[in-house]
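Below, chain A is the first sequence line, B the second, and so on; all start at residue 1.
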Number of protein chains: 2
Amino acid sequence: MPSSTVENYLKHILLLSEGAQDLVSMGELAAALAVVPGTATTMIKALAREGYVAHQPRQGVSLTPSGRTVALSVLRKHRLVETFLVNVLKMDWASVHAEAEQLEHAISDEVLDRLDALLGYPATDPHGDPIPSRKGKLNFQVYASLATCALKQPLRIVRITEQTAEFLQFADQNNLLPGSTLSVTGRNLTAGLATIKTAGTRAQALSITAAGKILVEPLRR
Amino acid sequence: MPSSTVENYLKHILLLSEGAQDLVSMGELAAALAVVPGTATTMIKALAREGYVAHQPRQGVSLTPSGRTVALSVLRKHRLVETFLVNVLKMDWASVHAEAEQLEHAISDEVLDRLDALLGYPATDPHGDPIPSRKGKLNFQVYASLATCALKQPLRIVRITEQTAEFLQFADQNNLLPGSTLSVTGRNLTAGLATIKTAGTRAQALSITAAGKILVEPLRR
DNA sequence: CGCGCTATTTTGAGTAGTCAAAATAATTTA
DNA sequence: TAAATTATTTTGACTACTCAAAATAGCGCG
């Protein structure tokens, strides 16, 4: 049984390699886990010995099938717990990430399955992040963001790819939630700003960085 | 913030001193925690340094007010989680103890309060064990057991003081749940047996040891 | 090509928790 | 009261994880 430390390493490797399928560097991994790089190197060598990861010295690390299985299971727990906290316990959107961070290591598969049923087998968590299936399938889909999508198109927000409470609070207050509709009226790359317009409100500006964290799909029909 | 190891030590000291208000010996504590006695001694000395317990060398250990506060909080989490698992997730009576053992260290006060509200502020968990209040009050009540109560009286089961899955399964199968009514028809101390009679069934025998773990109150009105 | 920058790895050391086994204290028994 | 039994404490060692700081490797650039 992997320790919560091991689970965290594997989960973060999975998150950091989402989309970009190449190796995760010790630098990013250490930063994500809030440890010094030397610690990450040491730990990764241990994880490689136990068959969870493949380590290319000085290049980076990737998950083995066994490591990926563990990582997906932890991610599934995390996202289902978040969904439970928001949908059932009515907790604040912005604060559930930290809670789930603890609970994901303490919850059994048995409890998780029942939670899943209670929630009606959701496909995504409250932030729009896809929930891996019980069998470990992660429905990964490439979406445009407010920083990259076409201008003046009607859009629906599908996902917020940032878990910090501050950003989520900001999104909440500006009605930038999964499901909300809006369009990007303009973009100024030099100034690093995007202008958006949501249904009931007037136009507002958003940094390109922030806009890049809000994923959207074109509104059809 | 105490580690889960520390929380476990404190919780078990509280449980072992419930009722008997004197010191908990290293032997019982070590057995309850599944560590060797030497480990318990070492750990208790550390906990004493941090002000959680008072250690009388070669006598035993007791909780300080600060240690008791932590222990009660953990116990509250444990019992509320058990109640949630049984009442909401409809999990098996006998298996929730092990689950709660993990979750009690991962759940925040915020989540706990909402769980408490969702459950309707229960006073006891599914086994009849009292749930400490948010302010740390443990409604401790002395009950007779099937080993000590008067014979041929109508009784109601109020609590099962044993958490092992085997015993709980046994109790479940014989309809010996909190709320069930029955009476003790006879007792043979020499043979170590008690005979009980529940409403719809015929008389059955029970070891005195088992009987002592089933607490009852006289059925009034 | 070689110099310097940056990321990575190594080294040495520390904390938390554990066990096995030896030493010690207390209590029971004879 | 002395010996024997039992419980507790101490000692030395080990695992898992971490950091600080020194060593090293791989670059890019002049």
Given D:dT9, is OP1 or OP2 found less than 4.0 Å from the side-chain N or O atoms of B:His55?
->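 Checking B:His55 against D:dT9: at least one side-chain N or O falls below 4.0 Å of OP1 or OP2.
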N/O-N/O pairs, protein side and nucleotides 25-28 of chain D side, under 3.5 Å:
unit_1, atom_1, unit_2, atom_2, d
D:dA25, O4', A:Arg58, NH1, 2.3

Separation of [N] [atom2] from [X] [atom1] (nearest whole Å):
X       : N      : atom1 : atom2 : answer
B:Lys45 : D:dT9  : NZ    : P     : 8 Å
A:Leu23 : C:dT8  : CG    : P     : 11 Å
A:Leu33 : C:dT8  : CG    : C1'   : 16 Å
B:His12 : C:dG17 : NE2   : C1'   : 17 Å
B:Glu7  : C:dG17 : CD    : P     : 11 Å
B:Leu29 : C:dT18 : CG    : P     : 11 Å

Of all pairs that satisfy side-chain hydrogen bond (donor to acceptor under 3.5 Å, both in side chains), the ones with a partner from residues 50-59 of chain B, not counting sequence neighbours |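 Passing the test, one end in residues 50-59 of chain B: no pairs.
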Between the two end axes of the helix from C:dC1-D:dG30 to C:dA30-D:dT1, each built from 5 base pairs, what angle do you get to the nearest 10°?
->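 Here the helix ends are tilted 20° relative to one another.
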Sequence neighbours excluded, which residues qualify as ring pair (Phe, Tyr, Trp, His ring centres under 6.0 Å) partners of [X]?
X       : result
A:His97 : A:His78
A:His12 : none
B:Tyr9  : none

Evaluate the criterion side chain to side chain contact (heavy atoms under 4.5 Å, CB included) for residue pair B:Leu176 and B:Ile196; output intermediate values, then yes/no.
-> CA-CA 10 Å; B:Leu176 300 172; B:Ile196 62 174; 3.9 Å; yes
Can you give each donor-acceptor pair under 3.5 Å made by side-chain atoms of residues 27-43 of chain A, sequence neighbours left out, with the distance rounded to 0.1 Å?
unit_1, atom_1, unit_2, atom_2, d
A:Glu28, OE2, A:Ser25, N, 3.1
A:Thr41, OG1, A:Pro37, O, 3.3
A:Thr42, OG1, A:Gly38, O, 2.8

What distance do B:Thr161 atom OG1 and B:Glu18 atom CD have between them, rounded to the nearest 0.5 Å?
->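 Spacing of OG1 (B:Thr161) from CD (B:Glu18) equals 9.0 Å.
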Do A:Glu99 and B:Arg114 meet the salt-bridge criterion of a basic N to acidic O distance under 4.0 Å?
->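 Here B:Arg114 does not pair with A:Glu99 in a salt bridge, since their nearest N and O are not under 4.0 Å apart.
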Please write out the pairs of protein N or O atoms and N or O atoms of nucleotides 15-18 of chain D separated by less than 3.5 Å, giving the distance to one decimal.
unit_1, atom_1, unit_2, atom_2, d
D:dC17, OP1, A:Ser3, OG, 2.5
D:dT18, OP2, A:Tyr9, OH, 3.1

Name the pairs: protein N/O against N/O of nucleotides 3-6 of chain C, kept only if under 3.5 Å.
none

Taking only residues two or more places apart in sequence or in another chain, which ones pass salt bridge (Lys or Arg N to Asp or Glu O under 4.0 Å) with [X]?
X        : answer
A:Glu82  : none
B:Glu101 : B:Lys11
B:Arg68  : none

Polar side chain donor-acceptor pair, A:Glu110 to A:Ser108, under 3.5 angstrom =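 No, no side-chain donor-acceptor pair sits under 3.5 Å.
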Checking all strands, does A:Gly38 fall into the base, sugar-phosphate, or nothing category for heavy-atom contacts under 4.0 angstrom?
->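 A:Gly38: base contact, heavy atoms under 4.0 Å.
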Residue of the set B:Asp113, B:Asp116, B:Asp109 for which salt bridge (charged side-chain N to carboxylate O under 4.0 Å, His left out) holds with B:Arg134 =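 Filter result, single survivor: B:Asp113.
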